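Before any comments, here is the structure.
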Amino acid sequence: MTDKSDRYIKTYPISWEQLHRDAKALAWRLLDQQENWKGIIAITRGGLVPAAIIARELDIHLIDTVCVSSYTWKDQGQLSVIKAVENSGEGWLLIDDLVDTGKTAGIVRKMIPKAHFATIYAKPAGRPIVDTFITEVSQDTWILFPWDSESRFVRPIVGLKSER
Ligand SMILES: O=P(O)(O)OC[C@H]1O[C@H](OP(=O)(O)OP(=O)(O)O)[C@H](O)[C@@H]1O
């Protein structure tokens, strides 16, 4: 497998609080566009938490998943659809946490062409494939989601400086 981790130069850490705030901002935006969405299709796994927050805010109880496996840490391997859905998506929301290269979205959108595709974060390469998103992040940034990280001790700067 080609190591593509060097395409990420910066890291953008997202806290649970920020994720919640950004997902609620997306819910507001989606409510402005339509009041009675039929349901949500979440793209696993990253779309699951945003989908839960949006479902709560928009009072949506009908939730399905399309299950896709791709990244291993920062390396995008072969995309495989583990569970598909038979739904044109008309009147439905298709939710993911982010669109990066747009490859995942490309496959899922072909499967569910009429759904409204919404993500919280979008990078330039994937941006054209999203209908609604909240925050644009540069292509060379790795978005560090709260479920992929934890708070831990870091050494004081003064100690790090003496090692340089
Ligand atoms: O636009 P792309 O380059 O296709 O990348 C975006 C996809 O990558 C992430 O999922 P990931 O593959 O990390 O799987 P996970 O959500 O199960 O962790 C994210 O949740 C998107 O589905």
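Computed from a prediction, not measured in an experiment: that's the story for all the values here. All ligand and atom numbering here is 1-based and tracks the order in the structure.
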Option whose closest heavy atom lies nearest to atom 6 (C) of ligand 1, chosen from Ile143, Asp96, Leu98
Leu98

Heavy atoms only: which of Val49, Asp97, Thr44 is nearest to atom 19 (C) of ligand 1?
Asp97

Just so I know, are the side chains of Leu30 and Thr132 near enough to count as touching, which here means a heavy-atom distance under 4.5 Å?
yes

Counting only nitrogen or oxygen atoms and a 3.5 angstrom limit, does Gly102 reach ligand 1?
yes

Once you measure the plane-to-plane angle for Tyr12 and Tyr121, does it fall in the parallel (<30°), tilted (30-60°) or perpendicular (>60°) bin?
perpendicular

Considering both backbone and side-chain atoms of Gly46, is one of its nitrogen or oxygen atoms within less than 3.5 Å of a nitrogen or oxygen in ligand 1?
yes

Does ligand 1 have any atom sitting under 4.0 Å from a heavy atom of Ala105?
no

Side-chain contact test, heavy atoms from C-beta onward, threshold under 4.5 Å: evaluate it for Asp131 versus Arg109 and give yes or no.
yes

Hey, is the main chain of Val68 close enough, under 3.5 Å, to the side chain of Thr44 for a donor-acceptor pair?
yes

Sort out for me which residue in Phe133, Trp92, Trp37 forms a ring-ring contact (aromatic ring centres under 6.0 Å, His included) with His116.
Trp37

Under 4.0 Å from one or more heavy atoms of Thr101, ligand 1 contributes atoms 1 (O), 2 (P), 3 (O), 4 (O)

